[in-house]
Structure formats: C-alpha cells, structure tokens
Amino acid sequence: MAVIVKHIAGNMLSRWTDFLSEDGEKSWRNRDEEFVNRFETGKDILDYWEDGWKCLFEALDQINDENLQSVIYIRGEGHTVLDAVLRQLAHYPYHIGQIVYIAKMMKDHNWETLSIARNKSQEFNNEMKNKVSNDNLNSNSSPVCFQNSPDIRGEYYQ
C-alpha cells in the first residue's frame, strides 16, 4: 500500500509543482523509485500523502478563467489546463481504489465499509429521507465524504 501512496503523491508533486510554467514530468521525479517502499513509519507515509494533496490543491487554486484553456505540458504533450486536471482526476481514483481494496483485505472481517453496508440499503435510504425531511443537513452528509471527519485517518496510520 505504501508504494501506491508514494506513486500517487509523487505524481501529484511532479504534475502540479509549477504546472503552468514547467512540464508536469519533472526531471527530479524518479517514477521507478516510487514502487520501492522506503518509508520507515506510517507517519512518513501520511506526510508524503498530504504533501501530494497539498500540492494539487494549491495548483487548483491557481486556475482561473484566464488560464483554464491555456496549454500546459506533461511529458512534452500539450494539454489544456482543464484536460490536464481531468486526466489526473481520472488517474488518482484508480489508485485510491487499490488502496481501499488492499486495506479491506488487510482488515478482513474488521473492515468497516466506507459507504452503505451490505443489506443495509433500505435502512440507509430511510435515514437519509428522515434527515432531509427534518432539514437536518450538514456539510458532510455523504457517507463517502470524509473531508470533515477527524476519525477517518487514525487507526490506519499507526
């Protein structure tokens, strides 16, 4: 799992560092090395993961109406900024799915679903209808949106 994290974060750091002015495949990126686990702790993995996402989100903050259709390069191939974003947003979920699948195998019977539990669809639908009808909405109502959830990280990175 660590090498997948290393690959995703390495990709993000390469693609999104100075993305408007430099090729997204940086000379300092060693893609082959991304598939060798050199992390020593879970914290090292999480820190690298966070560095990659921080780089991506800072890059996305730079996108505006004026540069959205500008051409940027990845491995010498021109892409509009929009196309480059869509390309990467199609790539990252593939690897995140790998991480979830591996975590599920590791946790086995102790796995807690990230969405609706098996044989609980009707119960979940009823709960959601009750929440909506009671105007009890919050900014994190989706079962797969953990942006505001402090408890999602802890046990997986110790």
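- A donor-acceptor pair is defined here as one N or O able to donate and one able to accept, closer than 3.5 Å; no such pair exists between the side chain of Ser14 and the backbone of Gly10.
- Of the possible donor and acceptor atoms, none in the side chain of Asp108 sits under 3.5 Å from a partner among the backbone N and O of Met105.
- Exactly one of Ile63, Leu56, Leu60 qualifies for a side-chain contact (heavy atoms from CB on, under 4.5 Å) with Phe19. That residue is Ile63.
- A salt bridge links Asp47 with Lys43: at least one charged nitrogen is closer than 4.0 Å to a carboxylate oxygen.
- Hydrophobic clustering, with ILVMFWY side chains joined whenever heavy atoms are under 4.5 angstrom apart, groups Ile8 together with Trp28.
- For the atom pair CD1 (Ile116) and CZ (Arg118), the distance works out to 13.5 Å, reported to the nearest 0.5 Å.
- Under the 3.5 Å distance criterion, the side-chain polar atoms of Asp23 are matched with a main-chain donor or acceptor of Arg75.
- Side-chain contact between Ile96 and Tyr101 is absent, with no heavy atoms from C-beta onward closer than 4.5 Å.
- Under a hydrophobic clustering in which Ile, Leu, Val, Met, Phe, Trp and Tyr are joined whenever their side-chain heavy atoms come within less than 4.5 Å, directly or via other members, Leu89 and Ile74 fall into different clusters.
- Counting only N and O atoms by type, the side chains of His95 and Gln98 include a donor and acceptor under 3.5 Å apart.
- Taking the six-membered ring where the residue is Trp, Phe39 and Tyr48 present tilted rings, their angle falling between 30° and 60°.
- With hydrogens and angles left out, the side-chain atoms of Thr80 and Asp83 include a donor and acceptor closer than 3.5 Å.
- Using a distance-only test at 3.5 Å, with no hydrogens or angles considered, no donor-acceptor pair links the side chain of Lys129 to the main chain of Phe124.
- Side chains of Asn30 and Glu34: a donor-acceptor N/O pair is absent below 3.5 angstrom, by distance only.
- Distance check: Met128 CE to Asn126 CG gives 11.5 Å after rounding to the nearest 0.5 Å.
- A distance of 11.0 Å separates OG1 of Thr17 from CZ of Arg15, quoted to the nearest 0.5 Å.
- The side-chain heavy atoms of Tyr92 and Met12, taken from C-beta on, include a pair separated by under 4.5 Å.
- Separation of atoms CE (Met1) and CD1 (Ile45) is listed at 8.0 Å; rounding is to 0.5 Å.
- Put simply, the side chain of Asn11 reaches to within 4.5 Å of the side chain of Arg29, judged on heavy atoms.
- Within a 6.0 Å radius of CZ in Phe35, other residues, nucleotides and ligands contribute more than 12 heavy atoms.
- Electrostatic pairing of Glu25 and Arg31 does not count as a salt bridge here, judged by no charged N lying under 4.0 Å from a carboxylate O.
- In this structure, Val71 is not a member of the same hydrophobic cluster as Trp16, with clusters built from ILVMFWY side-chain heavy atoms closer than 4.5 Å.
- One finds the OG atom of Ser27 at 8.5 Å from the CD atom of Glu22 (value rounded to the nearest 0.5 Å).
- Although no hydrogens or angles enter the test, the distance criterion places a donor-acceptor pair under 3.5 Å between the side chain of Asp44 and the main chain of Glu40.
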- Item | Check against side chain to side chain contact (heavy atoms under 4.5 Å, CB included), Val81 and Leu20 | CA-CA 8 Å; Val81 169; Leu20 291 170; 3.9 Å; yes
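- Salt bridge Glu58/Lys54: present, at least one basic N to carboxylate O contact under 4.0 Å.
- Asn67 places a side-chain N or O within 3.5 Å of a backbone atom of Asn64 that can act as its donor or acceptor partner.
- Between the side chains of Glu77 and Tyr73, not a single donor N or O lies within less than 3.5 Å of an accepting N or O.
- For the atom pair Ile4 CD1 and Asn37 CG, the distance stands at 11.0 Å (nearest 0.5 Å).
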